[in-house]
Protein chains: 2
Amino acid sequence: MESRPLRYFVAVAEELNFARAAERLSISSPPLSRTIRKLEAELGVTLFERTTHTVALTQAGTVLLAEARTALDALEAAGRRARRAGSPEPKLVLAVKADGDAGLMEAILARYAAEPASEPVAVRLCGWGEQPRLLRQGEADAALIHEPFDHTGLDAETVTVEPRVVALAAAHPLAARDRVSLADLDLPVSEPTYPGDLHRYLDKIVDEYGVRDLPQLLKLVALGDIITLLPESVVSLYPRPGVVYRYVPDAPPATLAIAWPQQSRSPATAALVRAAGSLADPEGAHVRRG
Amino acid sequence: MESRPLRYFVAVAEELNFARAAERLSISSPPLSRTIRKLEAELGVTLFERTTHTVALTQAGTVLLAEARTALDALEAAGRRARRAGSPEPKLVLAVKADGDAGLMEAILARYAAEPASEPVAVRLCGWGEQPRLLRQGEADAALIHEPFDHTGLDAETVTVEPRVVALAAAHPLAARDRVSLADLDLPVSEPTYPGDLHRYLDKIVDEYGVRDLPQLLKLVALGDIITLLPESVVSLYPRPGVVYRYVPDAPPATLAIAWPQQSRSPATAALVRAAGSLADPEGAHVRRG
DNA sequence: GCGAGCCGATAACCGCGAGGTATGACAGCC
DNA sequence: GGCTGTCATACCTCGCGGTTATCGGCTCGC
């Protein structure tokens with residue numbers, strides 16, 4: 001199995017249109033068409049159901065799309081990690097969403113610096129939920145990230161668990177109360193599978209309003225357009241005139257984890273994980289693999 | 001990053017000799033040499049420390065070797081899984097070492113057949129510890145395997161936990177006893193990290209005597225050359241005149257797990273895992289990911 | 001119901017780069 | 001000091017991945 005045909009296949013599978021896929025790959029469509037046919041022949045399987053005006057994935061194609069993505073990610077990761085390992089002064093790259101460190105970054109780095117296996121650390125700031133991709137593609141060695149996220153190919157360990165607050169417009173009726181319950185908030189989330197629901201809820205807001213970061217999100221809160229649950233640690237970082245924060249004791253807490261690529265067994269990464277893990281309160285901490 | 005240079009790199013890294021690597025790849029050495037140099041240039045990193053008579057991996061090379069192996073495995077897996085998914089009647093492939101199913105195979109398959117999402121199952125017999133590779137390279141969808149094994153890229157769930165017996169030559173002094181303790185056996189294994197030690201111990205025997213399966217191993221036992229710990233379930237499967245089995249209550253039990261590739265979320269695989277997992281005794285069962 | 005417009009497949013051609021052979025440079029060994 | 005074994009270089013060839021041009025067929029609009 002070669003990588004190029006798989007890359008081409010992924011492009012077509014994502015576009016479901018040969019012409020657009022070819023453009024995206026910066027080639028013309030004939031070689032793309034040919035390559036896909038050759039791939040199908042090699043696998044002995046039809047990957048696309050084509051009529052003249054529609055392209056659809058077959059069952060085998062659907063399987064291949066998922067597999068190909070992870071394989072190509074692994075390929076990229078191999079190159080990136082080797083490059084970094086050979087750089088004159090290899091640095092450990094720690095990916096963090098801005099202000100997504102629960103205020104623990106300094107403590108983690110300080111503890112890490114005291115470890116014998118420590119190396120210089122470069123902090124890489126990234127956007128909402130970008131961390132898994134960065135780890136999988138070898139652009140980062142470790143990441144601080146809030147649960148839940150897709151653990152595929154990653155190992156993770158809990159760093160800290162924080163209470164939740166709700167961000168409300170100052171004029172909101174509930175703002176008068178000292179603390180509020182989940183039921184008061186009437187969010188479109190169900191209790192049992194809650195963390196995932198909250199994720200989806202945030203995704204919807206991100207889609208709908210196009211917000212890219214916390215300041216923008218809080219602006220919407222101030223305008224009274226939305227309310228949202230946040231980890232306690234953001235309260236002191238984002239004082240906003242029109243926004244009040246209230247504890248939600250019965251909301252599932254926010255879990256911050258440190259994650260790293262599963263096959264990475266480098267002493268430096270291990271030391272960083274140890275440093276972050278040692279901050280966790282003993283009973284709350286646990287390892288989750290996968 | 002392309003797959004071909006990586007394949008070449010792995011060959012050289014494993015042979016540590018360009019000529020032999022070229023032969024293994026069925027090419028001549030100049031294009032190999034060139035490709036490696038090009039790869040080094042692309043990564044901006046030297047992968048091998050070469051003198052005229054020795055080739056050694058650099059730090060970056062060591063990192064790349066590990067990463068490349070997993071990436072190439074993923075590539076193979078993509079092809080194999082797509083091929084199987086597209087075959088006229090896709091079958092679920094379950095890898096098992098012969099007699100490594102603790103006698104549960106029939107029960108698992110029967111339960112599975114009752115599941116709504118069940119598909120035909122093909123059992124693939126394999127050798128000692130081959131299962132992880134089969135899963136990673138896409139040759140199997142699930143595997144029954146004894147802990148411990150390398151969980152990288154795999155998820156696993158405990159199926160059953162069995163007591164250990166020791167296989168002794170009939171003439172062995174301890175054969176007179178009804179049950180023996182670990183201390184009596186004087187095996188070169190330490191208690192706390194035991195399962196791994198047992199694995200290493202078996203590996204050593206396999207290396208030293210060239211045994212490939214249980215009958216051969218039991219022959220050595222009958223001859224009095226070795227003693228070995230086994231799961232209880234093999235006792236009734238391998239009655240041997242010169243061999244007696246005795247319980248070892250204080251030995252760590254043998255844990256049989258069902259494992260599957262981490263990214264595999266196919267309903268059929270999930271149903272098989274469910275079927276196998278439902279046989280586990282509730283308190284012994286747990287999911288281990290990674 | 002028919003023509004215009006898209007879209008994927010095919011054909012013919014081209015150039016790069018992967019592969020081969022021959023040779024060189026160099027170190028260690030009898 | 002030749003001999004052997006190693007990796008690198010030089011040079012040639014040819015296949016394959018790339019392009020442009022063209023075809024064939026479905027869909028949609030009027």
Side-chain angles (χ1 to χ4, degrees), chain A residues 1-58 60-62 64-65 68 71-72 75 78-79 86, chain B residues 1-58 60-62 64-65 68 71-72 75 78-79 86:
Chain A
M1 182 61 46
E2 292 301 315
S3 56
R4 202 180 40 89
L6 276 193
R7 249 186 288 275
Y8 286 11
F9 165 76
V10 170
V12 175
E14 286 179 356
E15 299 285 347
L16 288 180
N17 177 311
F18 279 70
R20 276 199 304 276
E23 187 180 3
R24 191 171 112 184
L25 295 164
S26 312
I27 61 171
S28 59
S29 64
L32 176 58
S33 188
R34 226 172 29 197
T35 304
I36 298 290
R37 288 214 166 273
K38 219 181 287 184
L39 178 61
E40 290 181 321
E42 180 189 337
L43 295 176
V45 151
T46 77
L47 298 168
F48 295 106
E49 220 58 79
R50 313 161 236 228
T51 71
T52 46
H53 267 203
T54 72
V55 174
L57 277 170
T58 62
T62 308
L64 186 59
L65 178 55
L72 293 175
L75 226 48
Chain B
M1 180 64 44
E2 292 302 315
S3 56
R4 201 178 42 87
L6 275 193
R7 249 186 288 274
Y8 287 10
F9 165 77
V10 170
V12 175
E14 285 179 357
E15 300 285 348
L16 289 179
N17 177 314
F18 279 70
R20 277 199 302 276
E23 188 180 4
R24 192 171 112 184
L25 294 165
S26 313
I27 62 171
S28 60
S29 64
L32 176 57
S33 187
R34 219 172 35 196
T35 304
I36 298 292
R37 288 215 167 274
K38 218 182 287 184
L39 178 60
E40 290 181 322
E42 181 190 336
L43 295 175
V45 152
T46 77
L47 297 168
F48 295 107
E49 218 58 79
R50 310 161 242 230
T51 71
T52 45
H53 270 196
T54 72
V55 174
L57 277 170
T58 61
T62 308
L64 185 59
L65 178 56
L72 293 175
L75 225 48

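Because only heavy atoms are used, hydrogens play no part in the values below, and waters and symmetry mates are left out as well, while side chains stay in. Since the structure is predicted, the reported quantities are computational estimates derived from the model, not experimental observations. Below, chains carry the letters A, B, ... as their sequence lines are ordered, and counting in each starts from 1.
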Requested in this report: Applying side-chain contact (heavy atoms from CB on, under 4.5 Å), run through B:Leu64 and B:Leu47 and close with a yes or a no.
Outcome: CA-CA 8 Å; B:Leu64 185 59; B:Leu47 297 168; 3.9 Å; yes
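- Listed pair B:Asn17 / D:dG5 fails the phosphate criterion, with no side-chain N or O lying under 4.0 Å from OP1 or OP2.
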List, one per line, each side-chain donor-acceptor pair under 3.5 Å for residues 6-13 of chain A, sequence neighbours excluded.
{"from": "A:Arg7", "atom 1": "NH2", "to": "A:Ser3", "atom 2": "OG", "distance (Å)": "3.1"}
{"from": "A:Arg7", "atom 1": "NH2", "to": "B:Met1", "atom 2": "O", "distance (Å)": "3.1"}
{"from": "A:Arg7", "atom 1": "NH2", "to": "B:Glu2", "atom 2": "OE1", "distance (Å)": "3.4"}
{"from": "A:Arg7", "atom 1": "NH2", "to": "B:Glu2", "atom 2": "OE2", "distance (Å)": "2.6"}

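- Within the structure, ring pair (Phe, Tyr, Trp, His ring centres under 6.0 Å) pairs that include any residue of residues 15-47 of chain B do not occur (at least two apart or interchain).
- Within the model, atoms CG of B:Leu16 and OG1 of B:Thr54 stand 9.0 Å from one another, a figure rounded to the nearest 0.5 Å.
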Protein and nucleotides 22-29 of chain D: nitrogen or oxygen contacts under 3.5 angstrom:
{"from": "D:dC26", "atom 1": "O4'", "to": "A:Thr52", "atom 2": "OG1", "distance (Å)": "2.7"}
{"from": "D:dT27", "atom 1": "O4'", "to": "A:His53", "atom 2": "ND1", "distance (Å)": "3.4"}

Compile the donor-acceptor pairs under 3.5 Å between side chains in residues 22-34 of chain A and protein atoms, sequence neighbours left out, one pair per line.
{"from": "A:Arg24", "atom 1": "NH1", "to": "A:Glu14", "atom 2": "OE1", "distance (Å)": "3.2"}
{"from": "A:Arg24", "atom 1": "NH1", "to": "A:Glu15", "atom 2": "OE2", "distance (Å)": "3.1"}
{"from": "A:Arg24", "atom 1": "NH2", "to": "A:Glu14", "atom 2": "OE1", "distance (Å)": "2.7"}

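- What you find for B:Val45 and B:Ala60 is that their closest heavy atoms are CG1-CB, 3.2 Å.
- Read 5' to 3', the first and last nucleotides of DNA chain C with an atom closer than 4.0 Å to a heavy atom of chain B are C:dA18 to C:dA27.
- Residues B:Pro5 and B:Leu39 come closest through the heavy atom pair O-CD2, 4.1 Å.
- Judged by distance alone, the side chain of B:Thr58 and the main-chain N or O of B:Glu49 form no donor-acceptor pair under 3.5 Å.
- Applying the salt bridge (charged side-chain N to carboxylate O under 4.0 Å, His left out) rule to pairs touching residues 36-48 of chain B yields B:Glu40-B:Arg50, sequence neighbours excluded.
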Report summary line: Given protein heavy atoms under 4.0 Å, the one-letter contact record of nucleotides 8-20 of chain D, with B base, S sugar-phosphate only and - none, is simply SBBB-----BBBB
